[in-house]
A.B. asks: 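Sending over a structure as structure tokens; questions will come in a sec.
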Amino acid sequence: MLRERLTEQGMASDEAGVQRPRRLRRTAGLRRLVRETRLTVDQLLYPMFVVPGEGVETEIGSLPGQLQRSVDRIGPAARAVADAGIQGVLLFGQAAVKSPQGDEASSPDGVVQRAIGAIKEAAPNLVVITDVCLCAYSDHGHCGVLDGQSIDNDASVARIAEVALSHARAGTDVVAPSDMMDGRVGAIRSALDAEGFTETAIMAYAAKYASAFYGPFREASGSAPTFGDRRGYQMDPGNAREALREVGLDLDEGADIVMIKPALTYLDVIARVRAEYDAPLAAYLVSGEFAAIKAAAERGWLDERAAALEALTSVARAGADIIITYWAPAAARWLDEGPTH
Ligand code: PBG
């Protein structure tokens, strides 16, 4: 009552109970002291694209600043990533010759399998995580094996497990299945354990949505489906409860880390999974989310650094432990320079 009367008379005071959250926003020092979410370089994982050939270092048109590299060029690049303080990379490969079953995906001579060795040699402490999928290796561009025009789940799982095993044999630290077939995490775990790779971890793309924001990536990895779309295996964008179920299944099957993808358009899903599960949680700020901000910044419509750090902070605030981002090296630099505000 008193407070209302004083407010009416323009006399509101602290004594009268006016709450003043702005007090702690007054200086940069105060703001930094009370900041709830601290983004650090330790949280960031950097996606890298390995392609067939030699001496290849080609910028990806739709992902400005990101390169496709051949195996001979990947070591020095990974070394630079490690030197920037980043703890790990997520590797994506591509077939020289595509086939119905995506044979090269599990070949010991595949680009990813060879890149793992090159990276381990150049940057022995860098965590190597390898994407496990068929889409960049199959001639139809789908993430599994076809039975006519549809995806044969169990035949796909068998192939996916072979791919994961080939990465483990090549020395990867973590395999990351992104195909969204049912039961693949359990199949991968058994295949790895059966060959003694009990220490190879699994980061499951647990809730991967059928998103329009993968567009630029498909150009980068040559993985666009030649017919149809991925809605029969990736999740419907309207579903959040289903994401909790998918995460639960992957954890039951033996996933060590679960991932939500994309990140910015699914912050609520990240927050809900964080609230329900204690497992390490990753979120992937995907190509389209990166490219949208990048393009706006190129036009002078956004400040790239501020927008990127805000986007990354939002993903950490939502509850992700690990953030997979094309900005990792840039963010490492920016974070080193200190906060903007
Ligand atoms: C495919 C895969 C995709 C991405 C990671 N793994 C694309 C897709 O499902 O079509 C997207 C990554 C990005 O957009 O940055 N297995």
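Whatever order the structure lists them in is the order used to number ligands and atoms, beginning at 1. These values consider heavy atoms only, across backbone and side chains, with no hydrogens, waters or symmetry-generated copies. Everything numeric in this text was worked out from a predicted model, so none of it was measured.
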A.B. asks: Would Lys261 and Tyr214 count as a cation-pi pair here, with the cationic atom under 6.0 angstrom from the ring centre and within 45° of the axis?
C.D. replies: yes
A.B. asks: Counting heavy atoms only, which of Lys208, Arg218, Gln66 is nearest atom 2 (C) of ligand 1?
C.D. replies: Lys208
A.B. asks: Quick check on contacts: which atoms of ligand 1 are under 4.0 angstrom from a heavy atom of Cys135?
C.D. replies: 1 (C), 16 (N)
A.B. asks: Is it true that Ser211 and Gln234 share a donor-acceptor pair across their side chains at a distance under 3.5 Å?
C.D. replies: no
A.B. asks: Show the atoms of ligand 1 that are less than 4.0 angstrom away from any heavy atom in Phe92.
C.D. replies: 5 (C), 6 (N)
A.B. asks: Report yes or no: does a heavy atom of Glu289 sit under 4.0 Å from some atom of ligand 1?
C.D. replies: no
A.B. asks: Between the side chains of Tyr46 and Gln66, is a donor N or O closer than 3.5 angstrom to an acceptor N or O?
C.D. replies: yes
A.B. asks: Check the surroundings of atom CZ in Arg79: do more than 12 heavy atoms from other residues, nucleotides or ligands lie under 6.0 Å from it?
C.D. replies: no
A.B. asks: Identify, by atom number and element, the atoms of ligand 1 in contact range of Ser287, meaning under 4.0 Å from any of its heavy atoms.
C.D. replies: 13 (C), 14 (O), 15 (O)
A.B. asks: For Glu310, does the CD atom have more than 12 heavy-atom neighbours from other residues, nucleotides or ligands under 6.0 Å away?
C.D. replies: no
A.B. asks: Using a 4.0 Å cut-off to any heavy atom of Asp131, which atoms of ligand 1 qualify?
C.D. replies: 6 (N)
A.B. asks: In terms of relative ring orientation, are His142 and Tyr233 parallel, tilted or perpendicular, with 30° and 60° separating the classes?
C.D. replies: perpendicular
A.B. asks: Among all protein heavy atoms, pick the one closest to atom 4 (C) of ligand 1 and tell me residue, atom and distance.
C.D. replies: Lys261 NZ, 2.6 Å
A.B. asks: Which atoms from ligand 1 have a heavy atom of Tyr326 less than 4.0 Å away?
C.D. replies: 12 (C), 13 (C), 15 (O)
A.B. asks: At what distance is the nearest protein heavy atom to atom 16 (N) of ligand 1, and which residue and atom is it?
C.D. replies: Ser178 OG, 2.7 Å
